[in-house]
Amino acid sequence: PTETALTEACLRPLCAELRQRVYVDFPSITYYTFWLLTEYPHIARTVSSRYAEFLIDEMQDTDSLQVRLLMRIADVGRSRFVLVGDPHQSLLGFAGAEPQRMHELAEHINARDDFELVDNWRSSEHIVRLADALCPRDTAMRASGDTRDYQVTPRIVVANSAVDVVTGAFLPLLEQEEVDVSDAAILAPAWYHLHPNAQEMRRLGVPVSGPGSRPYNRRGRLLTGLLENVCACVPSTRPNLLPRVQYEIIDLVQRIAGVTRFEVWERAGRLAAMRLVFRARELRETHNTAIPWIEHASQEFGDLLVDSGLLTRAGTEQLVQAGAAIVADIRRNRNIEPEDLNVEDLGTFANPDGSLQLLPLHSAKGREFDAVCIVDLQEGQMPHPRGDVDESRRVLYVGLTRPRKLLMLAHRRGSTTCRFLQEPEIRRHL
């Protein structure tokens, strides 16, 4: 079949599934909003009358439909727009983002484009110069933050594996520079590169979160999201954690019963989430290690959801089975002693503050750390043979600009360093 026919064949079942579940995906939100503004111009006038100014951040990651939506509001002529974007950080090409769209909207609204943001308030001068060499600008960045004079230069490490890089070079550097692991991250071109490091960090007793850090299969287990987010609330009273529990309740009920219970966001749903957290704290008093806690929680959480009217009794058996499957995963995992895994560890997977973080480069955007180690920067991984070379350069640029103080780059011994790190201007700063 043609590409159009294949797209149609995929789209129709997806739309039918969304209607059945009463879900709206993100592209549909954009499309329906654009449709409303087009078919009912008075809505665009109302929006523009209510908001005198619009600040559009991350403008480099807008797609064509989002830009056309903004044009509908701008055409009313009652609002002013400020567009903020960095073409070097456009990473969402797979989702339709096109960096040039920011200029398209700017031209449409006749915006000034002579205001450059050149101050980097995060990284040291050494890191800023390296990033600028990878993606040069008309006006070079300048380091302006508290760490601008930090004197440790970025370095390249060659080792037999990413694990050897982290254990033999990165962790000792953190200790030498007195940087806590909770202020550090390991980045990689893809999530599966991070699994070996997660296993080794757990073996060494280093708190870690990210791909491979869980000693069980999260994707294949019904209960993990709810258990982890409840456990994140056990030692913490941070108010932003409870809505995550509510979200997991909605997802859990939907997967079991096939209905979406939006009333979870109302008072009764919030009370149900709080009851789960209070019961989790009580269970920890008698079962602080993970396995007995999971076994009891999977049963009692089901009972609480039934009492709250969110789940039927028939659905509780699935929770018990899901808890048993998680326990079986933990017992089979050879990289951890089951008795060493406690309730707080489960919460770390949902709320990773306080742990060494493992992230794919794409997921590091918007984050910052005192120290970053980027592993597996060999040709064939960065850029990927089937990837866009220009976007791969931008992905690496985002990785280079995450650390405040320390930056380590690594590739495997016997492999070719990725082409970006071979460029003369880059080598000059390493």
Side-chain angles (χ1 to χ4, degrees), residues 26-27 29-30 54-63 66 82-99 101-102 116-124 127-128 130-132 134-135 137 141 143-148 154 179-191 193-194 208-211 213 229 232 238 240-241 243-244 247 348-375 377 382 387-388 390-409:
F26 185 77
I29 293 174
T30 307
F54 287 85
L55 171 62
I56 315 298
D57 197 11
E58 304 290 355
M59 189 66 201
Q60 75 280 355
D61 279 327
T62 49
D63 60 36
Q66 291 168 340
V82 178
L83 315 178
V84 183
D86 181 359
H88 294 323
Q89 297 192 54
S90 180
L91 309 184
L92 302 183
F94 63 89
E98 300 172 277
R101 294 294 178 184
M102 60 189 294
E116 289 186 283
L117 300 176
V118 298
D119 289 290
N120 181 305
W121 296 93
R122 175 186 300 139
S123 305
S124 71
I127 295 172
V128 167
L130 177 63
D132 227 30
L134 180 66
C135 291
R137 304 166 180 270
M141 276 195 300
S144 303
D146 294 338
T147 62
R148 63 182 180 273
V179 173
D180 193 87
V181 293
S182 62
D183 291 321
I186 303 170
L187 310 182
W191 63 268
H193 295 160
L194 298 165
V208 63
S209 62
S213 62
N229 281 279
R238 285 170 51 186
N240 66 314
L241 297 179
R244 301 182 192 177
Y247 172 83
T348 298
F349 302 138
N351 182 37
D353 294 349
S355 61
L356 175 65
Q357 297 197 37
L358 311 182
L359 296 165
L361 280 163
H362 263 96
S363 300
K365 186 178 178 183
R367 310 291 294 275
E368 61 180 46
F369 308 92
D370 276 351
V372 165
C373 178
I374 309 179
V375 299
L377 291 177
M382 172 61 66
D388 181 281
D390 290 336
E391 182 162 303
S392 293
R393 180 183 291 273
R394 297 194 294 268
V395 168
L396 181 57
Y397 172 85
V398 167
L400 297 186
T401 53
R402 296 310 93 196
R404 290 182 282 265
K405 299 177 179 179
L406 306 174
L407 175 61
M408 182 174 290
L409 310 172

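In what follows, residues are counted from 1 in the order of the sequence shown.
Closest non-hydrogen pair, Ser144 versus Asp119, comes out as OG-OD1, 2.6 Å. Nearest heavy-atom pair, Gln60 versus Gln89, reported as atom, atom and distance to 0.1 Å: NE2-O, 3.5 Å. Ser123 and Thr401 get closest at one heavy-atom pair: OG-O, 3.8 Å. Residue Arg367 comes nearest to Arg402 through the heavy atom pair O-NH1, 2.9 Å, listed as atom of the first residue, atom of the second, then distance. When all heavy atoms of Ala350 and Arg244 are compared, the pair lying nearest together is O-NH1, 3.2 Å. In terms of heavy atoms, Phe349 sits closest to Val208 at CE2-O, 4.2 Å.
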Check the pair Arg101, Gln66 against side chain to side chain donor-acceptor pair (under 3.5 Å), reporting the backbone distance first and the verdict last. CA-CA 9 Å; Arg101 294 294 178 184; Gln66 291 168 340; over 6 Å; no

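No more than 12 heavy atoms of other residues, nucleotides or ligands sit less than 6.0 Å from atom OH of Tyr247.
Taken to the nearest 0.5 Å, the CE atom of Met102 stands 7.0 Å off from the CG atom of Leu83. Atoms CZ and CG, on Arg394 and Leu361 in that order, are 14.0 Å from each other to the nearest 0.5 Å. Note: Arg148 CZ to Trp121 CH2 = 8.0 Å, rounded to the nearest 0.5 Å. With values rounded to the nearest 0.5 angstrom, Leu187 atom CG is found 8.0 Å from Leu194 atom CG. Annotation: the span from Ile374 atom CD1 to Met408 atom CE amounts to 11.5 Å, rounded to 0.5 Å. For the atom pair CG (Leu130) and CG (Leu409), the distance works out to 6.5 Å, reported to the nearest 0.5 Å.
Judged by distance alone, the side chain of His362 and the main-chain N or O of Leu91 form a donor-acceptor pair under 3.5 Å. Remark: side-chain polar atoms of Ser90 are not paired, donor with acceptor, to backbone N or O of Pro87 under 3.5 angstrom.
There is no side-chain donor-acceptor pair under 3.5 Å between Thr348 and Ser355.
Of the charged side-chain nitrogens involved, at least one lies within less than 4.0 Å of a carboxylate oxygen, so that Asp86 and Arg137 count as a salt-bridged pair.
No side-chain heavy atom of Leu396 sits less than 4.5 Å from a side-chain heavy atom of Arg393. Residues His88 and Leu134 have side chains not in contact (no heavy-atom distance under 4.5 Å, counting atoms from C-beta outward). Contact of the Leu117 side chain with the Val84 side chain is registered, since non-hydrogen atoms from C-beta on lie closer than 4.5 Å.
None of Asp183, Asp370, Thr147 except one satisfies the side chain to side chain donor-acceptor pair (under 3.5 Å) rule with Arg404; the exception is Asp370.
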